[in-house]
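Have a look at the structure below, then the notes.
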Amino acid sequence: MFVMGKFIAQSSRSNAVLAVGDFNSVEDETATHVFREVSGLADSFRELHPDKINEPGLTNDTPECSWRADTSTAALCSNGTMKRIDYVFYNKNKLSCTESVVCMGKIPDQAFSYSDHMGVSSTFQLNIETDDTIEALFTLSRDTADTALKAMETSLKQAHSDTRQKVLLWLVLVLLWIGVMTVGVLQLLPAVVIGLLASILAALGTAVFWYLVIFARTEVSKLSEARNEMSILSRFSIKI
């Protein structure tokens, strides 16, 4: 969220900007706060419907979704299943939101819904004459920065732990493959069994290896980069 918000802030200062979709983060979570504050974008639905109690704007796991049709609203509310994680964000200096509604429940004359998520429909008016002068590229509150840093530290520790576990798994698979091939050379098992075991271990080892090279390495690198940047910014100035 930090990286995406920073990209929007840095590349779209004088343009009308919309960021839409399933963000997998409820509006009061740290990730959503970080994105809104860093990007400078506003939540179209919440701008026009500030009452979170009477107008929650729920978009996920609601009774309107057909796959939740057998679950009562009361039960969903009591266990906290229903969420608002779908948004239409916009920059207020270039756009004015005139309407925003949650839509797309059940398909007309059908027993099922369009999706397991509700849609969000927002209408905007383009502000032609606006002042592009901005004091700072974006701002990030101290509380949000501190909370986000703690979350990043936790995620980074987990990522390092997962990587170490995968490295150990890969080493075990390599040793097992060597063991199987040694058994094959000594002809202690039928060639068919040796070939099958060697193929399975080779496939698993290759999958784990590429996971480490591509996913785990990228995850740790990007988390470290975002953590370090936010840490530096929080020490000197929250205005960027």
Residues at least two apart in sequence or cross-chain that pass side-chain hydrogen bond (donor to acceptor under 3.5 Å, both in side chains) with Asp109, listed by chain then number, are none

Without placing hydrogens or testing angles, list every side-chain donor-acceptor pair under 3.5 Å for residues 16-28, not counting sequence neighbours.
{"unit_1": "Asp22", "atom_1": "OD1", "unit_2": "Asn24", "atom_2": "N", "d": "2.9"}
{"unit_1": "Ser25", "atom_1": "OG", "unit_2": "Glu29", "atom_2": "OE1", "d": "3.2"}
{"unit_1": "Ser25", "atom_1": "OG", "unit_2": "Thr32", "atom_2": "OG1", "d": "2.6"}
{"unit_1": "Glu27", "atom_1": "OE1", "unit_2": "Arg46", "atom_2": "NE", "d": "3.0"}
{"unit_1": "Glu27", "atom_1": "OE1", "unit_2": "Arg84", "atom_2": "NH1", "d": "3.1"}
{"unit_1": "Glu27", "atom_1": "OE2", "unit_2": "Arg46", "atom_2": "NH2", "d": "2.8"}
{"unit_1": "Glu27", "atom_1": "OE2", "unit_2": "Arg84", "atom_2": "NH1", "d": "3.4"}
{"unit_1": "Asp28", "atom_1": "OD1", "unit_2": "Lys52", "atom_2": "NZ", "d": "2.9"}

Applying salt bridge (Lys or Arg N to Asp or Glu O under 4.0 Å) to Glu47 and not counting sequence neighbours gives Lys92

Residues passing the side-chain hydrogen bond (donor to acceptor under 3.5 Å, both in side chains) test with Thr163, sequence neighbours excluded, are none

Check: Ser44 side chain, Val88 main-chain N or O, donor-acceptor pair, under 3.5 Å | yes

Mind running side-chain contact (heavy atoms from CB on, under 4.5 Å) on Val38 and Met4 for me, showing each step along the way?
CA-CA 9 Å; Val38 172; Met4 181 168 62; over 6 Å; no

TODO: List the steps and the verdict of side-chain contact (heavy atoms from CB on, under 4.5 Å) for Val120 and Tyr87.
DONE: CA-CA 7 Å; Val120 181; Tyr87 307 92; over 6 Å; no

| request: Using atom types as modelled and distance alone, determine if a side-chain donor or acceptor of Asn91 lies under 3.5 Å from a backbone N or O of Asn93. | output: no

In one Ile/Leu/Val/Met/Phe/Trp/Tyr side-chain cluster, 4.5 Å: Met104, Met118
no

Hits for side-chain contact (heavy atoms from CB on, under 4.5 Å) against Leu168, two or more places apart or cross-chain, chain-then-number order -> none

Exercise. When hydrophobic residues are tied together by side-chain contacts of less than 4.5 Å, even through go-betweens, does Val174 share a cluster with Met181?
Worked result: yes

Hydrophobic cluster membership, Leu48 vs Leu95, 4.5 Å side-chain cutoff: no

Hits for side-chain contact (heavy atoms from CB on, under 4.5 Å) against Val101, two or more places apart or cross-chain, chain-then-number order -> Glu99, Ser121

Applying side-chain contact (heavy atoms from CB on, under 4.5 Å) to Thr182 and not counting sequence neighbours gives Ile178, Leu186

- So if you build clusters from Ile, Leu, Val, Met, Phe, Trp, Tyr with side-chain heavy-atom gaps below 4.5 Å, do Val102 and Phe124 land together? no

Val172 meets the side-chain contact (heavy atoms from CB on, under 4.5 Å) criterion, sequence neighbours left out, with Leu176

Using a distance-only test with no angle check, is there a side-chain donor-acceptor pair under 3.5 angstrom linking Lys94 and Asn127? no

Closest non-hydrogen contact found for Tyr114 with Pro108 is OH-CD, 3.5 Å

Donor-acceptor list for residues 194-213 side chains, cut-off 3.5 Å, not counting sequence neighbours:
{"unit_1": "Ser199", "atom_1": "OG", "unit_2": "Gly195", "atom_2": "O", "d": "2.8"}
{"unit_1": "Thr206", "atom_1": "OG1", "unit_2": "Ala202", "atom_2": "O", "d": "2.7"}

ask   = Can you get from Leu169 to Leu171 by hopping between Ile, Leu, Val, Met, Phe, Trp and Tyr side chains that sit under 4.5 Å apart?
value = yes

task = Give the intermediate values and the outcome of side-chain contact (heavy atoms from CB on, under 4.5 Å) for residues Leu156 and Ser224.
result = CA-CA 7 Å; Leu156 194 54; Ser224 298; 3.5 Å; yes

Thr98 meets the side-chain hydrogen bond (donor to acceptor under 3.5 Å, both in side chains) criterion, sequence neighbours left out, with none

Applied to residues 43-64, the ring-ring contact (aromatic ring centres under 6.0 Å, His included) test, sequence neighbours excluded, yields Phe45-His49

So the salt bridge (Lys or Arg N to Asp or Glu O under 4.0 Å) pairs with at least one residue in residues 153-162 (sequence neighbours excluded) are Glu153-Arg227

